Asker: 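Quick one: the structure is below, questions incoming.
Predicted model only: the values in this text are computed from it and were never measured. If you read the sequence from its start, that first residue is 1, and numbering goes on from there.
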Amino acid sequence: MFENIHIEFWYSRGGKENKISFVGCYSNEDFKAVLEINKNHNVQELKLSIVPEVELVIEKLSIKLIYPFKESHRIYVNGYQSWTDSREFSIEEKIKPISKLAKPIMKKYQFEKYGDYSFKKYSGKKGEFHGYTYSYIREGEKLDLIGSLSERTGFTIIEQYTKENKILINKECKGLSISEAYMAFDLFYAHGSEEEVFDSYFEAMGISKPNCEPCTGWTSWYNYYENINQSIILENLRNFRDFNKNIDIFQIDDGYQTAVGDWLSVDTVKFPNGMKYICDSIKKDGYKAGIWLAPFVCETNSKIFHEKKQWILKDEKGEYVLAGSNWSKFYALDIYNIEVRDYIKKVFSVILNDWGYDMVKLDFLYAVCLLPRKEKTRGQIMTEAMEFLRECVGEKIILGCGVPLGPAFGLVDYCRIGCDVGLDWDDNFYMRKLHRERVSTFNSIRNAIGRRHLNGRAFLNDPDVFLLRDDNITLNEDQRETLAIVNNLFGSLLFTSDNLKNYKNKQFSVFDKAMQLKDRIIESVECCENGIVEVVYKEEENRFLALINLNNSTSRYSNDLLNQTQELLPYSSKIFNIENNELENCITQGF
């Protein structure tokens, strides 16, 4: 894979731009490039260091590889952050750019801040893809995986150009000033099965398997959103005891604080007894207590914004850096400001020690690296921010969300690997023209399938919630049950937001099955041309075939795995026991 590579290094010295192309090691009066490639059977590692003789400003740094793409290849594209759509593509597909008509909306609501739109150009052409940290090209059961072993020196953007038979690996470091040795690339390549290449990849990174366990739980967000109060929380807590349903974690989401950023200022109208009382109530019922916060941002209505403006990140024009349009609009905090760090440490100390919470769900983390610095790339900022959070939280549980995944590897216990689930299937038609991080049950399901290889390696995967209730939702029954099947098959954090007192008998039956944590081995996943996803997995001594129809039309399935042809209604799922070729008592029929 790393044979015959071509390197491009564009840089400025004293305001004069230089464009250098070379193969292997290289040196001139400005810098030395040190290239090292190690090979061991089906595994290779590549290191490229730039050693400047004088101060240089990087404009572009990339590696070009020749790769013979075939029509049968499937290319996995890992999106920028948790919420970004991530899946396998055929070589004739494309990543859709933002519609030109949608750009004014994107700017007005700051949607471009959620993704990579401000620093990565989308070609919108068929056969041209880009993703972050790692990617693979699959043919049948064999994968060619390319991955970065560290994002500390900058995000690694892996681009495939199938019509040109080339791969570009770019370091996201434009504008970075270097005066000392800079480890530009630390890359890994492996060929083999999915299990082989990903096990080798994380072993090469030195990341041990997570020591936390798969678990179940409830969160307030996807039913009540910000409209929570003490009565609602205690009612839902009581439901689990009254209906004798066991879960591991009971989590309070957004809405307990007076403003985003003012985490220790509890809304006493909503929660008159405070958040320690809520935590104690949760623990009294035998569950771990979780709570949500977004530690790197503050909203316009917060005390921080009005009283501590020196904490907010500023751009080169001296303007405060907006991070999105949620709430009253929100801004990124400067984590290299010692006062900001001290405040965040205090917040965690109170929440985890004084209030007693066991888990923190940390959201909108991408905001911390919106603005690169002269001496730090976005990737370095994000990596250092995640290390800071781990230091603050200590041995307590972190559920990461809204975060570029590479810097989170090995530093969070659980991590969201998809966008927010919606109360409908795929949002309004006009929202589909917008950013790749939008709320979408459909995209959430595809990400749970697509990022399955991270589960149990980088962290334990949180596919987001499943919802079975009839009220306050427009997902139909097949869509709700397919969501539950996918989360159960691929997730290790199985949460819901439903009020159990509104369940009927069948919903309780599905809930019980969906919350079952089982040891299973996913043997293969294939996305068929007709839109059906075919999942073969082993559970105890039996092998099963799960068929998941993500189409809005009825699809037919016929394969050697079954001695029969099956029709699947739109968005429906079926599970077969391969050993006896019989339809299981699956979720579509009560799971």
Asker: Check for a donor-acceptor pair, side chain of Tyr201 on one end and backbone N or O of Ser148 on the other, with a separation under 3.5 Å.
Answerer: yes

Asker: Without swapping roles, check the side chain of Thr383 against the backbone of Pro407 for a donor-acceptor pair under 3.5 Å.
Answerer: no

Asker: So, does Thr133 use its side chain to make a donor-acceptor pair with the main chain of Asn78 at under 3.5 Å?
Answerer: no

Asker: Between the main-chain N or O of Leu569 and the side-chain N or O of Ser572, is there a donor-acceptor pair closer than 3.5 Å?
Answerer: yes

Asker: Quick check: are there more than 12 heavy atoms from other residues, nucleotides or ligands sitting under 6.0 Å from CD of Glu203?
Answerer: no

Asker: Tell me, do Leu234 and Ser281 make a side-chain contact under 4.5 Å, heavy atoms counted?
Answerer: yes

Asker: Using the six-membered ring of Tyr343, assess whether NZ or CZ of Arg341 lies under 6.0 Å from its centre and within 45 degrees of the ring axis.
Answerer: no

Asker: Only counting residues at least two apart or in another chain, list the ones meeting side-chain contact (heavy atoms from CB on, under 4.5 Å) with Glu235.
Answerer: Arg238, Asn239, Asn499, Lys501

Asker: What's the separation between atom OG1 in Thr219 and atom OH in Tyr224, rounded to the nearest 0.5 Å?
Answerer: 11.5 Å

Asker: Would you please name every residue forming a side-chain contact (heavy atoms from CB on, under 4.5 Å) with Lys209, sequence neighbours left out?
Answerer: Asp199, Arg457

Asker: Report yes or no: does Gln230 contribute a side-chain atom to a donor-acceptor pair with the main-chain N or O of Asn273 at less than 3.5 Å?
Answerer: yes

Asker: Below 6.0 angstrom between ring centroids: does that apply to Tyr134 and Tyr76?
Answerer: yes

Asker: Judged by atom type as modelled, is there a donor-acceptor pair below 3.5 Å linking the side chain of Thr474 to the main-chain atoms of Leu423?
Answerer: yes

Asker: Got a salt bridge between Glu437 and Lys113, using NZ or NE/NH1/NH2 to carboxylate O under 4.0 Å?
Answerer: no

Asker: If you measure from the Lys or Arg side-chain nitrogens to the Asp or Glu carboxylate oxygens, is any gap between Arg378 and Glu151 under 4.0 Å?
Answerer: no

Asker: Taking the six-membered ring for Trp, are the ring centroids of Trp263 and Phe348 within less than 6.0 Å of each other?
Answerer: no

Asker: Counting distance only, does the side-chain N/O of Ser86 pair as donor-acceptor with the main-chain N or O of Gly79 below 3.5 Å?
Answerer: yes

Asker: Applying salt bridge (Lys or Arg N to Asp or Glu O under 4.0 Å) as the test, list every pair that has at least one member in residues 439-454; sequence neighbours left out.
Answerer: Glu194-Arg452

Asker: Taking only residues two or more places apart in sequence or in another chain, which ones pass side-chain contact (heavy atoms from CB on, under 4.5 Å) with Asp427?
Answerer: Met431, Arg438, Val439

Asker: Taking NZ, NE, NH1 and NH2 as the nitrogens, is one of them in Lys504 or Asp470 under 4.0 Å from a carboxylate oxygen of the other?
Answerer: yes

Asker: Give, for atom CH2 of Trp221 and atom CG of Asp254, the distance between the pair rounded to the nearest 0.5 Å.
Answerer: 5.0 Å

Asker: Are the side chains of Ile291 and Lys361 in contact, using a 4.5 Å heavy-atom criterion?
Answerer: no

Asker: Just by distance, do the side chain of Lys283 and the backbone of Ala289 share a donor-acceptor pair under 3.5 Å?
Answerer: no

Asker: Sequence neighbours left out, what pairs pass salt bridge (Lys or Arg N to Asp or Glu O under 4.0 Å) with at least one residue falling in residues 256-276?
Answerer: Lys276-Asp280

Asker: When rounded to the nearest 0.5 angstrom, what distance separates CZ in Phe271 from CD1 in Ile233?
Answerer: 5.0 Å

Asker: Please list all pairs passing the salt bridge (Lys or Arg N to Asp or Glu O under 4.0 Å) test where one or both residues lie in residues 399-419, with sequence neighbours left out.
Answerer: Arg390-Asp413, Arg416-Asp420, Arg416-Asp464

Asker: Any Lys/Arg nitrogen of Lys538 or Glu523 sitting under 4.0 Å from an Asp/Glu carboxylate oxygen of the other?
Answerer: no

Asker: Is there a donor-acceptor pair closer than 3.5 Å between any side-chain N or O of Thr258 and the backbone N or O of Val266?
Answerer: no

Asker: With no hydrogens and no angle check, do the side chains of Glu299 and Ser328 hold a donor and an acceptor under 3.5 Å apart?
Answerer: yes

Asker: Is the shortest side-chain N to carboxylate O distance from Arg469 to Asp498 below 4.0 Å?
Answerer: yes

Asker: Give a yes or no on whether the backbone of Val403 and the side-chain of Ser82 come within a donor-acceptor separation of less than 3.5 Å.
Answerer: yes

